[in-house]
Each structure stands twice: as structure tokens, then as C-alpha cells.
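In what follows, a structure is listed as C-alpha cells, so that the remarks can point back to it.
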Amino acid sequence: MLNRSLSTFMNAFTASDYTMYPFSTQNAKDFQNLLSVYLDAVFFPCLREMDFWQEGWRLENENPQDPSSPVVFKGVVFNEMKGAFSNNEQVYAQHLQNKLLPDHTYSVVSGGEPLSIPDLTWEQLKEFHQTHYHPSNARFFTYGDLPLEQHLKQIHEEALVKFERTEPNTAVPPQTQWTNPREGHVTCSPDSMAPDPTRQNTVCVSYLLADITDTFESFTLNLLSSLMVSGPNSPFYKALIEPKIGSDFSSVVGYDGSTRQASFSIGLQGVAESDIESVKHIISHTVDDIIANGFEEEQIEALLHKIEIQMKHQSTSFGLSLASYIASCWNHDGDPVKLLQISQHVSQFRQCLKDNPRYLEDKVQQYFKNNSHRLTLSMSPDDSYLEKQAQAEDSKLHQKTQSLTESQRQDIYKKGLELLSVQSATQDASCLPALKVTDIESTIQYTPVQISTAGCVPVQYCEQPTNGMVYFRALCSLNSLPEDLRDYVPLFCSVITKLGCGNMDYRQQAQRMELKTGGMSVTPQVLPDLEDLDVYEQGVLLSSSCLEKNLPEMLHLWTEVFNSPHFDDEERLKVLVMMAAQELANGISYSGHMYAMTHAARCLTPTADLQEAFTGMHQVKFMKRIAESPDLTHILRKLPRIKRHLLNPDYMRCAVNAAPQKVSDAAVQVERFVGDIGSNRKERRPVRPHITEEPHFKPCQMKTFFQLPFPVNFVSECVRTVPFMHKDYASLCILARMMSAKFLHGEIREKGGAYGGGAKMGAGGLFSFYSYRDPNSMATLSAFRGGVEWARSGKFSQQDIDEAKLSIFSAVDAPVAPSDKGLSRFLSGLTDEMRQQHRERLFAVAERDLIDVASRYLGFGQRTCGVAILGPENDIIKKDPSWVVK
């Protein structure tokens with residue numbers, strides 16, 4: 001489905017006691033398609049024996065085409081779990097859960113203990129599916145702005161109606177409480193990369209806590225856990241990390257609410273064997289310390305502030321985050337709605353602290369000091385660990401193969417060939433629903449547009465099969481806006497359609513928008529010139545859509561926004577400002593690499609400088625200041641001034657996408673709209689050019705470090721290169737993609753341990769390197785330079801170039817919705833002829849071009865670059881005067 005869908009997310013997660021099948025998309029039809037496929041896959045899978053062999057496990061000849069080659073274990077999940085258990089941290093976490101909760105399902109490996117997997121039969125799998133994968137044992141979650149009734153109807157018709165209700169016996173009983181603490185010891189493989197080979201022990205104490213369906217108790221314990229272990233001010237950090245007894249906290253640390261009864265774990269890894277007893281003593285002593293001294297009020301307030309910000313934060317994956325957040329509690333019949341009432345929990349928590357100043361200390365006494373259900377687990381390296389694992393697998397294999405008859409061996413060989421032929425055959429996916437797929441061809445699909453005017457306003461009409469919808473956009477220039485108002489533009493954009501207009505207050509306006517449109521939004525735009533890096537256009541983009549019959553009402557709503565927006569409700573503005581500021585502040589940890597790239601670029605082109613002001617760290621800090629201001633009347637006074645400069649038909653152009661038979665009617669409506677918004681103007685000024693030129697802009701080198709309360713870094717380096725229409729632009733695009741896949745991924749993610757990293761070429765002429773959730777900073781900057789050297793020395797093959805081209809074309813040719821056809825032409829002046837020329841240049845890129853652009857634009861000494869890092873305290877940067885620290 002990845003190739004047949006516009007999904008923004010598609011996966012499946014296995015937890016210790018449930019499996020979740022989430023997907024998300026921004027497209028309503030796609031949502032139905034994916035829901036249909038997911039329902040079918042979950043409730044009515046084929047589960048053929050062949051699937052079980054491939055995905056689960058099988059006995060097969062090492063070389064399936066040679067019956068004399070040895071019979072071995074094979075299978076996707078078998079190998080996946082072997083891989084999972086090669087990670088010592090995972091080995092430790094798994095043992096800890098199995099031993100702390102030994103009575104029921106948590107005592108086993110939910111993903112499959114590698115050597116137990118070959119005991120599972122195809123029949124057992126089918127039986128398990130039949131009993132567990134039943135609507136009576138399922139929970140459904142949807143989130144978004146599509147009507148719930150449609151989801152319920154589809155789920156009912158495609159799944160529920162085909163089953164009879166059963167009473168599944170899948171509840172997890174509570175763990176029996178121990179009367180005495182327990183200890184355990186496990187072994188692992190030695191780590192050749194360990195900082196100190198003599199200190200490779202892990203020791204940790206894990207406490208069983210309350211049932212997670214008690215939502216307030218869970219909230220309190222989770223908060224308490226953060227106070228105890230998070231950050232350098234926490235007591236366990238001071239007691240365990242600062243004395244350097246270990247290399248870090250144990251892999252399992254803090255609160256874990258993923259099992260029916262939560263747990264809290266605290267310990268160290270990278271410990272010498274002789275220090276294990278000392279660590280146990282420190283943990284016990286720190287618990288006493290917390291009971292005696294409690295927490296500083298500031299620490300508690302900081303945490304509540306963090307929770308408040310997290311609550312306000314909404315990202316594109318907000319719905320998926322909620323689904324994951326409620327899954328465990330709901331799975332054990334807890335109330336998912338109650339779980340989401342975080343504000344009530346915060347108020348209740350404050351009340352508890354008020355009623356009993358020792359509320360938290362009492363919880364520590366109850367759950368840590370007086371709790372006999374606690375496990376102390378140590379883990380030490382065993383030089384023969386891997387050898388013993390291999391021996392265990394050999395003996396398992398011997399047990400499975402020793403009594404095989406000749407005909408059974410022949411059977412294994414035949415099945416192996418059968419599976420091989422199935423795997424080699426191309427699957428027919430035609431039964432799967434699909435959105436439009438654009439083939440990669442030598443020429444682009446041309447998008448005809450008509451350029452017209454309404455009054456003095458240029459209008460672009462694009463005839464498209466819009467399925468009864470009309471899409472309207474207007475770009476209003478920012479050129480005449482005084483400099484002192486520039487930073488307020490994003491705020492203006494976010495509130496202008498939410499404050500009320502004409503004779504409607506904001507509630508009525510929202511209701512009207514919902515009744516008559518598919519949404520109305522305003523966003524700041526900074527559009528780089530296609531031929532000159534020091535030229536750009538700045539404006540705000542109005543976007544909206546509606547059913548054909550509602551076009552007059554939609555344009556009337558825009559007329560009211562232009563002519564009589566409300567700027568008098570300070571309380572409403574405060575709400576919007578707070579939400580905007582908190583969303584921005586929280587966005588940093590999700591999109592730190594974007595903030596790093598935006599900031600690194602700001603000193604390189606005037607476009608990038610303005611982009612930083614509108615969407616970068618500058619804007620985050622600016623909005624924070626506004627949100628902290630107790631009185632917003634000064635902001636309310638600025639909004640009408642901004643409105644006069646921005647919502648002005650003299651500096652505006654429009655675009656309409658509609659069905660061919662609707663365009664002439666749309667033209668009449670747009671003409672009326674332009675007349676209505678221009679009719680209250682006394683005189684028409686001469687039209688000023690939309691383009692801003694900054695021929696005197698001087699690119700400069702700049703390195704900026706933002707110290708933030710993150711455990712990881714977001715690193716970026718940007719280099720000024722060439723604009724879109726330059727002949728070398730295509731080569732730089734291919735180079736970025738190839739360098740990401742063939743060099744940077746290995747260095748930054750595989751070796752460096754960052755969650756992601758790579759390079760991209762932007763339309764604004766900037767070649768950007770980035771890393772995401774990165775434990776390193778300086779090493780990553782070295783990797784960026786290493787990537788350039790790798791490319792300059794031509795250490796890549798024709799195959800690498802071809803793969804990069806395929807990857808680029810999959811993005812270049814990503815399906816464009818009818819609503820967005822012609823949009824890049826409308827905004828940036830990017831014509832089909834320019835796109836075709838770019839396409840031909842992409843096809844033509846050769847090895848020598850890549851080596852050449854790597855040397856000329858990215859080589860040390862040839863380039864002007866900016867660097868930015870967002871991350872935790874950094875001693876190297878602190879001591880280096882070439883960095884600006886913020």
C-alpha cells in the first residue's frame with residue numbers, strides 16, 4: 001500500500017500484551033482505502049502455510065536449490081528476534097520485565113524468544129488468530145476531522161457484521177505481590193565498543209507500582225518518576241551519574257506504564273563488578289533522602305509547566321500519539337477519556353499538594369521504601385555468551401532434524417523450491433485500492449492554465465477534475481509592510497480567520513466556515529527567485545475550498561475578512577496566542593532539524609533570513625515573549641496596521657482550480673470579490689513591483705548553538721550554491737540524495753547513533769546537511785565534511801547514481817492533487833517548460849558532474865556556509881569563540 005497511498009504513516013506495533021495497527025493520511029478517500037485494507041488484513045488474513053514459512057520460521061536447505069546443502073532455520077521473524085536479542089540493552093529490559101512480573105503473560109517474550117519460535121506451528125498460529133483477532137477482543141480508535149459516522153459505518157459493514165460476539169479470555173490478572181524483595185542475575189555478550197572494557201556490568205532496582213487503570217495514581221507516579229530521574233537537578237542523577245560509578249543510567253529507567261501494573265526502575269550500566277553493591281546502597285540511600293528532603297517547588301512547577309505545554313502541543317502525528325498514549329490503559333479496560341483529562345489531573349495534583357505538603361514524600365515512602373515487590377537485577381558480560389547461543393541453536397536444530405526420514409528431507413527441499421518460486425513471482429496487487437500513481441516518464445504531464453484579470457488583479461485559472469469542488473487562493477504582497485511589523489506576520493496569519501468578522505463573532509465565523517467551506521487559512525510565504533539567490537517575493541497566502549454551489553458564500557467570507565475583521569476581543573487573542581506559542585515551543589523537539597536548518601541558512605541568502613524570522617527559532621522566542629506579556633492591547637493595535645498593508649487588492653494575485661464547466665462562473669464570482677474588497681478604497685495607488693531585490697546582501701559564515709533541555713542534538717550545516725534554473729542545480733539534487741543514502745546514513749545513523757540524518761538540496765539554492773535526534777554534534781559536522789570528500793573522490797558507482805535518480809524522481813513525480821495543480825507556477829513562476837528542463841537535466845547527470853559540483857560548491861574553501869546546533873550543554877562549543885551561543 002505504500003505505493004498505492006498518500007499515507008503519512010503506516011505500520012504495526014507489538015507491545016507486551018496487545019498489537020496495534022495504526023495508519024494515517026490527509027486524504028479522505030485514502031483513509032477509507034487504508035481502513036478497508038487494514039480491516040481485511042487484521043480480521044480476514046489468508047495466513048497461508050507459505051506465509052507462515054516465510055514470515056515465521058521454516059526448515060530449509062541452506063541453498064534452497066541444492067538438496068545436499070545443510071538444513072537450517074530460516075524466517076523473517078526468527079531472524080528479526082535474533083537481531084533484537086543481539087542488543088544488550090534489549091536483553092536486559094526483557095529479563096527485567098519477565099522476572100518482575102512472573103505470573104502471567106509478561107513472563108514471556110511477546111515478540112518471540114528466538115529458540116522458542118521453532119516450536120510454533122502453523123495450526124497454533126491460525127488458532128491464536130481465530131480467538132484473539134476477533135472484534136470482541138478489539139478496540140478501534142479514529143482521530144481527525146472526517147465524520148465519525150462514516151468510520152463507524154465502514155467498520156461495521158466491512159468487519160463487525162461478519163462476526164458473532166464472543167467472550168474472549170484475554171484479561172491479564174494482577175501480579176501477586178511478593179512478601180520479600182528478589183534478586184536476579186543474567187549474562188550478555190561483551191561489548192567490544194565499551195568505553196571501559198573492565199566496566200560492563202548493569203545493575204538496577206525495579207519496583208512494582210499501581211494498576212495503570214487508576215489514571216490519577218498513574219499520573220502522579222509518572223510525574224514523581226520524572227522528578228526523581230529527569231535532568232541534572234534530579235536526586236538520582238546527582239547520586240548515580242555525577243559520581244561516575246557507571247557510564248549511564250540502566251537501559252530501563254523511570255516510569256513504565258506499558259504493563260497492567262506500572263513499574264519504576266533505577267540503576268546504572270557501565271559499572272565495575274566491585275561497585276555493584278555500592279550502587280544498590282546509593283539507590284536505597286537516595287530513596288531515604290527524597291523522603292527526608294522532598295523536591296524543590298521550582299522543580300515541580302517546571303514539570304507541571306512542561307505538562308501544560310505538552311497538552312497544548314498538536315503535531316501532525318497528534319492523533320497517533322493519542323492512540324499510543326491510551327492503548328495500554330484502555331486495553332486493560334481503563335477509561336481512555338479519563339486518561340486524556342490531563343488538566344483535571346493537574347488541578348487534582350495541585351490540590352493534593354496543597355492539602356498535604358508531604359504528598360509526594362508519602363508516595364515515595366509507600367511505593368519505594370515500604371514496597372517488598374522489588375527486583376534487583378544485575379547483568380554481566382560472558383566471554384562465551386555468543387558461543388553458548390550458537391550451541392543452543394545448533395542443539396535445537398539437531399533436535400528438529402535428527403529423526404528426519406529421507407522422504408521428509410525431500411519434502412523440505414520441495415517446499416523450499418516452492419517458496420522460492422512464490423517469492424520470485426510478481427504478486428498481483430490489483431485487488432488493492434489505489435490513489436492515482438504517476439509513472440516516471442521522460443516528459444512531464446503539462447498543466448494548462450489561463451491567465452486573466454479581475455479588476456486590476458491577475459488571476460490564474462486551472463481547469464481540473466476537482467470532483468465538484470472549487471479551490472481558491474490569493475497571494476498578497478508584504479512589500480509595503482514597515483519593518484517593525486514584520487515579526488508579527490505569522491501571528492497575524494494564524495489569528496486573522498479566528499477572531500470574527502463582519503457581523504459574526506469568532507464562534508459564528510467558525511460555524512459559517514464549517515458549513516460553507518473546506519477550511520480557510522492564511523500562511524506567510526517567502527518565495528525564492530528561480531534565477532537569482534538575492535531576489536525573492538514575500539507575501540501571505542490565503543487558501544480555501546468549497547463545493548461549487550458555495551463559492552459565493554466562501555468569497556463573501558473572505559470579503560468580510562478583508563473589509564471588517566474584528567480586532568477587539570483580547571481574551572480570544574490571548575487563547576490563540578497561548579496556543580500558537582506553545583505549539584511553536586513544543587515543535588522544537590519534534591522538528592529540531594528543521595529549526596537547525598532554517599537557522600543555519602539565515603546568513604546565506606535574504607530569503608533564508610526572512611524564513612528564519614517567520615518560521616525559525618527567532619519566531620519561537622518572539623511568540624514566547626508575546627505569550628508572557630500580561631496585556632495584549634499593544635498587539636491588538638498592531639493587527640489593523642498589518643491588515644491595511646497585507647489584505648490589499650493592489651498587491652494581490654489569485655488562483656482558482658475548478659472543473660472546466662465551472663471556470664466561467666468562478667470568474668464572475670472572483671470579479672465580484674475583487675470589486676467588493678476594492679470598493680471601500682478612496683484611491684488606487686500605482687501597482688508596485690512584488691519582487692524584493694537585495695543586491696547588497698552579503699552572505700557570511702556563522703555558527704550558532706542553541707542550548708536546550710534536550711538529551712540529543714539537532715545539527716545542520718547549510719551551503720549557498722545555485723538557484724533552481726542554474727544548470728548545476730539538478731546535479732546538486734542527485735548528489736544530496738546519493739550522499740544521504742550511500743554515505744551519511746551509515747556515518748550519522750549506523751555509526752553515530754542518530755535517529756536520522758542526510759542532505760537535501762532546497763529550491764532556495766541551499767545545500768543542507770542535517771541530523772535528527774543525534775547524540776553527537778562535532779562528530780556529525782565531521783561526517784558532513786566526510787560526505788563531501790567521499791563525493792569529490794568519486795567513491796560511488798553508476799548503480800548509486802541510478803538509485804539516487806529513481807529516488808529523486810519518486811519525489812519529483814509524487815502525485816499532485818487536482819487542487820494543487822499549477823500551484824508552483826502561481827506561487828513561484830515555475831512553468832511546465834522549466835520543470836521539463838529540470839527533468840532533462842536530472843536524467844543527464846553523470847559521474848563527472850557530481851564530482852565537479854561537490855568540489856566547486858561544497859569543497860572546503862569554495863563555500864560560504866552556516867552551521868546551527870540545537871542541543872544540550874556542550875563544553876567544546878562553550879570553549880570555542882567562533883560559536884555564537886544562545
Side-chain angles (χ1 to χ4, degrees), residues 95-104 106-107 172-185 203-230 234-240 249-250 252-268 276-297 299-300 303 329 332 334 345 348-378:
H95 282 297
L96 193 67
Q97 186 187 87
N98 297 162
K99 290 177 174 10
L100 183 71
L101 295 153
D103 286 6
H104 199 259
Y106 305 123
S107 64
V172 179
Q175 166 66 42
T176 311
Q177 287 283 330
W178 300 341
T179 48
N180 293 300
R182 297 184 185 178
E183 297 215 351
H185 179 76
V203 60
C204 161
V205 182
S206 205
Y207 303 81
L208 190 66
L209 308 178
D211 193 306
I212 58 169
T213 58
D214 182 341
T215 52
F216 180 65
E217 194 72 353
S218 298
F219 173 84
T220 301
L221 290 168
N222 199 351
L223 203 139
L224 180 58
S225 162
S226 295
L227 286 169
M228 288 162 71
V229 300
S230 290
S234 64
F236 277 117
Y237 187 99
K238 289 175 183 170
L240 288 172
F249 281 133
S250 47
V252 184
V253 66
Y255 181 85
D256 176 5
S258 68
T259 49
R260 171 162 178 185
Q261 283 146 292
S263 59
F264 173 88
S265 305
I266 182 69
L268 283 175
I276 289 178
E277 286 309 312
S278 163
V279 172
K280 295 179 193 173
H281 175 73
I282 291 171
I283 291 171
S284 146
H285 179 73
T286 307
V287 168
D288 292 340
D289 235 24
I290 295 169
I291 293 166
N293 303 317
F295 301 97
E296 289 174 25
E297 199 178 333
Q299 281 174 279
I300 297 170
L303 199 54
C329 175
H332 296 290
H345 290 151
Q348 192 179 343
F349 177 76
R350 287 191 183 279
Q351 191 59 48
C352 289
L353 278 180
K354 204 173 166 183
D355 296 345
N356 172 13
R358 288 192 53 80
Y359 176 67
L360 288 172
E361 291 87 328
D362 291 350
K363 292 289 175 199
V364 176
Q365 180 86 38
Q366 175 189 347
Y367 285 105
F368 300 96
K369 182 71 175 169
N370 301 341
N371 185 353
S372 56
H373 197 117
R374 65 175 185 268
L375 169 72
T376 305
L377 183 68
S378 56

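Just so it is clear, the structure is predicted and the values come from calculations on it, not from any experiment. Positions are given from 1, in the same order as the sequence printed here.
The backbone N or O of P174 sits nowhere less than 3.5 Å from a side-chain atom of D103 that would complete a donor-acceptor pair. Looking only at distances, a side-chain donor or acceptor of S372 sits under 3.5 Å from a matching main-chain atom of W178. S230 places no side-chain N or O within donor-acceptor distance of the main-chain N or O of L227, the cut-off being under 3.5 Å. Checked by atom type and distance alone, the side chain of Y106 pairs as donor or acceptor with a backbone atom of R260 at under 3.5 Å. With hydrogens and angles ignored, the 3.5 Å screen pairs a side-chain donor or acceptor of S218 with a backbone N or O of D214. When atom types are taken as modelled, the side chain of T286 and the backbone of I282 share a donor-acceptor pair closer than 3.5 angstrom.
Contact of the C352 side chain with the K363 side chain is not registered, since no non-hydrogen atoms from C-beta on lie closer than 4.5 Å. Counting only heavy atoms from C-beta outward, the side chains of S265 and D256 never approach each other to under 4.5 Å. In this structure, H373 and Q175 have side chains that are in contact, with non-hydrogen atoms separated by less than 4.5 Å. In this structure, the side chains of L223 and F219 come closer than 4.5 Å at one or more pairs of heavy atoms. Considering only heavy atoms from C-beta on, L100 comes within 4.5 Å of S263 through its side chain. Side-chain contact between Y367 and T220 is absent, with no heavy-atom pair separated by less than 4.5 Å. Inter-residue side-chain proximity for F295 and M228 is flagged as met; some heavy-atom pair is nearer than 4.5 Å. L360 places a side-chain heavy atom less than 4.5 Å from the side chain of I300.
Closest non-hydrogen pair, L377 versus H185, comes out as CD1-N, 3.8 Å. Closest heavy-atom contact between S250 and V253: O-CB, 3.8 Å. The shortest non-hydrogen separation linking F216 to H345 is CE1-O, 3.4 Å. Across every non-hydrogen atom of I290 and E361, the tightest pair is O-CG, 3.7 Å. Contact detail for K99 and L375: the closest heavy-atom pair is CB-CD2, 3.7 Å. Closest non-hydrogen pair, F264 versus F368, comes out as CD2-CE2, 3.1 Å.
Remark: D289 CG to H285 NE2 distance equals 4.5 Å, nearest 0.5 Å. Here the OG atom belonging to S378 is positioned 6.0 Å from the NZ atom belonging to K280, to the nearest 0.5 angstrom. Rounding to the nearest 0.5 Å places CG of L209 at 9.5 Å from CD of Q366. Atom CG in N222 sits 11.5 Å away from atom CD1 in I212 (nearest 0.5 Å). Here CD1 of I291 is found 6.0 Å from NZ of K369. Values are rounded to the nearest 0.5 Å. One finds the OH atom of Y359 at 7.0 Å from the CZ atom of F349 (value rounded to the nearest 0.5 Å).
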Subject >> Step-by-step side-chain contact (heavy atoms from CB on, under 4.5 Å) determination, I266 to V287 >> reply: CA-CA 11 Å; I266 182 69; V287 168; over 6 Å; no

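Screening T376, L268, V205 against I283 for a side chain to side chain contact (heavy atoms under 4.5 Å, CB included) leaves a single residue, V205.
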